[in-house]
> 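First, the structure itself, so that you have it in front of you.
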Amino acid sequence: MSLTPAIHALLPLSEEKSSLLTSLLDGLDAAALHWLSGYAAGLAVRRPAELHVLPTPATAGQNVPILSIVYGSQTGNSRHLAEQLKREAEASGLGVRLLRTGEYPLRELKNERLLYLIISTQGDGDPPDDARGLVEHLLSKRAPELKQLSFAVLALGDSSYPKFCETGRLLDERLAALGATRALLRVDCDLDFERDGKPWLIRALNSAREQLKPVAAVASIKTLRSVTGTAVYGRDNPFRAEVLASQRITGRDAQKDVRHIELSLADSGLTYSPGDALGVWPQNPPQLVNELLQTLKLDGSNEVEFEGRRLPLSRWLGGEREITRLARPFLATHAAHAGSTELNRLLAPASRDELAPSLRDYQVIDVLREWPALWSGEELVASLRRLTPRLYSIASSQKLVGDEVHLTLGTIDYQAFGSRHVGAASHFLATLDDDGRAPVYVEANERFRLPADASRDILMIGPGTGIAPFRAFVQERTAIGATGRNWLFFGEQHFASQFLYQLEWQDALKKGQLHRLDLAFSRDQAQKIYVQQRLREQGREVWSWLENGAHLYVCGDATRMAPDVHAALREIVIEHGGKSSEDADDYLARLSHENRYARDVY
Ligand SMILES: Cc1cc2nc3c(=O)[nH]c(=O)nc-3n(C[C@H](O)[C@H](O)[C@H](O)COP(=O)(O)OP(=O)(O)OC[C@H]3O[C@@H](n4cnc5c(N)ncnc54)[C@H](O)[C@@H]3O)c2cc1C
Ligand SMILES: Cc1cc2nc3c(=O)[nH]c(=O)nc-3n(C[C@H](O)[C@H](O)[C@H](O)COP(=O)(O)O)c2cc1C
């Protein structure tokens, strides 16, 4: 295989590497080529960030336009779709590059010919952390005219949030307002993002094929790429991990049941880095499946066909459909079935804010009980959302635990509407017995990484189960002999029953592996104390660590903790850094841009 210079410009390889590859492939038989492609796919799963192809519209030359796929992702969903599109585009012989929003060179926007943006919404209608810079730039007055640009937006979100797919919607409107031409209509994907996302990818690929000339010689790589990956475990092909340990780590009288879970990744080939999460495909609680069937007077053994698959209804409800989370589309169909004026009023656009808490608190069963209606098995399966995996921050370093992976699991178990409610994945994981296996995969998180320079200090703010990645961080830094200092802020309700991993932290302090530990137990005194208060109290010292180049990490609750911690940090920068509020915002934005302020919040 010899490539022309024009094609070299589009490949993710230097000329030197490409000629090495040519000589390596020379004379290999089909079996060896297949093995090699699978091996490369395995490496790709471990090193997604390094795989980005970075020809620019300029370097590729005006006569060989390329497709830029840019994704803004907090938990990997948009990234999965973007990577899939890139693979398909490459296999079609298109020149393509894949970039996350945080690494997109803004100055290249005005040269861009075809841009596909796949982006989720976080917080309360906010962009993913990584996309803040791009979104701010595009919405600002500095954004260039984009008459040369053809674009399309795929928005990911969760219809139970009032600002559903807000970031995608805003960007789609803004790009059009800047003069760019919509190649495709925007699609807003709900949590089962593959349902509407995959058809969009096909349309996007077809549109790109029409707009860009395929590069013939690149197309010849197609076979090599398309046979990859069958042996690699991932989101669509999870590894069934054995449970090695599952232990409650909160006291018996604690309100919260938090578990330390150890799983075996032996023989899976799966590896992870501190900061990554483990994806878990749950089974719904069998008790809840039975209650649903009884309430609807349906027989679980009846087979139901949907999208070309035929399964007993109980299996659809047990492992294929979301029944612990309520979604707006299901509620809308149910309102029609039940003929309920109250539900229809709640679903009206004017009631969006009023509906949000119900979507959070109600499970499907509560709706069926409160507004009874008849459903057939077929309708039910078609209306419920596809079950989606849950993510758990990994709480171990492989340098210490080898092929194990540890999690810190907060179980969702509460009384509401007169009955017990449990979360699908937390209940599934917490009730797996010794012989149980959990279908898992590793979800890399390149934005939440320890500093490459191990002499840098780190500040870790992780109340509740937010502690998980910091256990991994401290294990890793100890194993590699990092010389930078480690400072942990932890909080919970009570010291006596909820100080997660207390003995480990005390031991780490004694051994000099943890240098500072600040604790906030909110309910041990009359006045509530949270980690953000501890941060403020230590403001001068926090500022001095930051000025000294420390990296700052926040993990845990996204609703209250993360915004409160952000506000406390802002105050610290104003007070101890002597900055105006605007400059403090810029300071924190710069830290974030430099990957020195990373958040993993949920
Ligand atoms: C990047 C990332 C990392 C994460 N890391 C961790 C981690 O380390 N540890 C961890 O425990 N979790 C972690 N999570 C959260 C985890 O992914 C699940 O969301 C969580 O375990 C709940 O899932 P579930 O399937 O048990 O509950 P679900 O079945 O998803 O939820 C059940 C229902 O209960 C509702 N609900 C939940 N809590 C309450 C409550 N207290 N009162 C009333 N209603 C409630 C929900 O709105 C939902 O409708 C992480 C999430 C992300 C995105
Ligand atoms: C803490 C948190 C806040 C979220 N806020 C919103 C929101 O305001 N609007 C929305 O449509 N989706 C919201 N979502 C849902 C995500 O957009 C959805 O899970 C999406 O699939 C994530 O894609 P990503 O992994 O590419 O980030 C939120 C999710 C989380 C975890």
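What you see below is based on every heavy atom in this structure, not just the backbone, and it leaves out hydrogens, waters and symmetry mates. Keep in mind the model is a prediction, meaning the values are calculated, not measured.
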> What is the minimum heavy-atom distance between N237 and V232, and which atoms define it?
ND2-O, 3.2 Å

> Can you name the nearest heavy-atom pair linking V531 to P463, along with the distance?
CG2-CG, 3.8 Å

> For residues A183 and Q211, report the shortest heavy-atom separation together with the two atoms involved.
CB-NE2, 3.5 Å

> Y116 and F151: aromatic ring centres closer than 6.0 Å?
no

> Between W200 and A155 (side chain of the first, backbone of the second, donor and acceptor by atom type, cut-off under 3.5 Å), is there such a pair?
no

> With K86, which of E90, E88, E83 fulfils salt bridge (Lys or Arg N to Asp or Glu O under 4.0 Å)?
E90

> Looking at every non-hydrogen atom in both residues, tell me the closest pair between A277 and L391 and how far apart they are.
CB-CB, 4.2 Å

> Looking at every non-hydrogen atom in both residues, tell me the closest pair between P199 and E194 and how far apart they are.
CD-O, 3.9 Å

> Answer with yes or no after comparing the ring centroid distance for F470 and W487 against a 6.0 Å cut-off, counting only values under it.
no

> Are a donor atom and an acceptor atom from the side chains of S120 and Q74 found within less than 3.5 Å of each other?
no

> Ignoring hydrogens and geometry beyond distance, is a side-chain donor-acceptor pair present between H566 and E571 at under 3.5 Å?
no

> With distance as the sole test, does S92 use its side chain to make a donor-acceptor pair with the main-chain N or O of L94 at under 3.5 Å?
no

> Do Q475 and S397 pair up side chain to side chain, a donor and an acceptor below 3.5 Å, judged on atom types alone?
no

> Side chains of R477 and N486: do they bring a donor and an acceptor to under 3.5 Å?
yes

> Testing the 3.5 Å rule here: is there a donor-acceptor pair between the side chains of T388 and E322?
yes

> Between S580 (side chain) and D583 (backbone), is there a donor-acceptor pair under 3.5 Å?
yes

> For T324 and G423, indicate whether the former's side chain and the latter's backbone hold a donor-acceptor pair under 3.5 Å.
no

> Relative to the ring of W543, is the ring of Y587 parallel (under 30°), tilted (30 to 60°) or perpendicular (over 60°)?
tilted

> Please lay out, stage by stage, how T75 and E443 fare under the test side-chain hydrogen bond (donor to acceptor under 3.5 Å, both in side chains).
CA-CA 8 Å; T75 54; E443 184 66 63; over 6 Å; no

> If you take all heavy atoms of F448 and C555, which pair is closest and at what distance?
CZ-CB, 4.3 Å

> Would you please say whether a donor-acceptor pair under 3.5 Å links the side chains of Y104 and S68?
no

> Would you say the side chains of R209 and N206 form a donor-acceptor pair under 3.5 Å?
yes

